[in-house]
Amino acid sequence: MSIDLTTGYLGLKLRTPLAASSSPYCKDIANVLRLEDAGASAIVLHSLCEEQIQVESGELDRYLTETAESHGEAMSYFPEMMSYNLGPEPYLNHLRKAKESVDVPVIGSLNGVSTGGWIRYAQMMEQAGADAIELNIYYMPTDLEMTGVKVEEMYFDLVSHVKASVRIPVAVKLGPFFTSFAHLATRLDAAGADGIVLFNRFYQPDFDLESLEVVPNLVLSDSHELRLRLHWTALLYNRIRPDLAITGGVHTAEDVVKGVMAGARSTMMTSALLRHGIKYLEKVEEDLIEWMEEHEYESIRQMRGSMSSQSVAEPAAFERANYMKVLSSYSLKA
Ligand SMILES: Cc1cc2nc3c(=O)[nH]c(=O)nc-3n(C[C@H](O)[C@H](O)[C@H](O)COP(=O)(O)O)c2cc1C
């Protein structure tokens, strides 16, 4: 029996649901090629960040002077960021080169929060050949005056501005920390998002107790992180127009199956590849085929959404009704 692994995401035909999400691998064309060789069905490049564009234009300096309590200290965070990602021009050249080098779709990633001149880079990514844009909105509302409504308005403004400036599809990658995520998703839909990528991981700093410094601490994910994504994908599937993709906690073929059954059109990997190397993608695809053969599935399409809230016998499993059941399911060890 030949198994059909194809899936559609953002209007693009993908060979399988297994895509490579933004990671340091994407900064190097040799690794972009290796990702394609190992079977990545699409490659999301690392992000071009609002701050990088503003650094070049001098806007960031002005912004920090006006807003940061300690300008010098705030500014000191940026050189490291500039060395992680390429500046705007090299980024666009890299995108062009990536497009020339691989046949799979290449998705440009724009990371920021405010509307402004910097978002014209979405257009430049389109001109450089990007098949789609992933707009990673990473905002930390620490201002005591900032209301949830204002935060969400910023998201919708940004999405509709970027959508208005390009013809290629735009997916929005964001975190889960909203009061009413389901409603937010409907508003992103109304703002024109073609896809929603669930979820950004927020990198929480740690304390170094010896030096008494706040230190960045990037911990790679494991499959446990998938649960939150499954939950929201299953809840939103077929209820909003944008395609759903999962990033965060996809490590095994079973994770891919779960993501697809929840309703994801693409399941993306970063941590697993950083941990096991790019070739690990091949194993996940082999395992996926094996799993589907064993369970007599013929296509990804057949599985998609089969465990969504609209398909399962007990949709309450996704809602508050399940809360008491979960709590009482825990048994104390003797
Ligand atoms: C070292 C590293 C660099 C990353 N760089 C980016 C980036 O530039 N842009 C972005 O949107 N996400 C970035 N991410 C987030 C990943 O694309 C992904 O969404 C996240 O790691 C969750 O997926 P995972 O559980 O498969 O790792 C990065 C993640 C890691 C670990």
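When a ligand or atom number is given, it counts from 1 through the structure's own listing order.
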Indicate yes or no: does [X] engage [Y] in a salt bridge with an N to O separation below 4.0 Å.
X: Glu225; Y: Arg229; answer: yes
X: Lys279; Y: Asp37; answer: no
X: Glu285; Y: Arg15; answer: yes
X: Lys283; Y: Glu290; answer: no
X: Asp28; Y: Arg34; answer: no

Does the N or O separation between [X] and ligand 1 drop below 3.5 Å for any pair?
X: Ser47; value: yes
X: Gly249; value: yes
X: Thr270; value: yes
X: His46; value: no
X: Glu134; value: no
X: His251; value: no
X: Ser271; value: yes

Numbered atoms and elements of ligand 1 in range of [X], under 4.0 angstrom, heavy atoms:
X: Lys173; result: 10 (C), 11 (O), 12 (N), 15 (C), 16 (C), 17 (O), 18 (C), 19 (O)
X: Arg201; result: 20 (C), 22 (C)
X: Met269; result: 26 (O)
X: Ser21; result: 17 (O)
X: Ser221; result: 24 (P), 25 (O), 27 (O)
X: Leu218; result: 1 (C), 31 (C)
X: Leu274; result: 31 (C)
X: Pro24; result: 1 (C), 2 (C), 3 (C)

Give a yes/no verdict on whether any heavy atom in [X] is under 4.0 Å from an atom of ligand 1.
X: Asn111; result: no
X: Glu225; result: no
X: Gly248; result: yes

>> Does Arg275 have more than 12 heavy atoms from other residues, nucleotides or ligands lying within 6.0 Å of its CZ?
In response: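 It does: Arg275 CZ has more than 12 such atoms within range.
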> Hey, is the main chain of Leu273 close enough, under 3.5 Å, to the side chain of Tyr25 for a donor-acceptor pair?
Replying inline: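 Yes.
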> Taking all atoms of both residues into account, what is the closest heavy-atom pair of Ser109 and Ser47, and its distance?
Replying inline: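 So the two residues come closest at OG-OG, 2.6 Å.
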> What are the two closest non-hydrogen atoms of Ala130 and Leu95, and how far apart are they?
Replying inline: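 That would be CB-CD2, 4.0 Å.
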> Is there a donor in the side chain of Ser306 and an acceptor in the side chain of Ser311, or the other way round, less than 3.5 Å apart?
Replying inline: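 Checked: Ser306/Ser311 side chains show no N/O donor-acceptor pair below 3.5 Å.
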> Hey, are Thr7 and Arg304 close enough side-chain-wise for a donor-acceptor pair under 3.5 Å?
Replying inline: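 Per modelled atom types, Arg304 and Thr7 side chains form a pair under 3.5 Å.
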> What residue among Val159, Leu184, Asn136, Val197 forms side chain to side chain contact (heavy atoms under 4.5 Å, CB included) with Leu174?
Replying inline: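 Testing each of Val159, Leu184, Asn136, Val197 against Leu174, the sole residue satisfying side chain to side chain contact (heavy atoms under 4.5 Å, CB included) is Leu184.
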>> Using a 4.0 Å heavy-atom cut-off, which part of Val44 comes near ligand 1: side chain, backbone, both, or neither?
In response: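 Val44 to ligand 1: no contact under 4.0 Å from either part.
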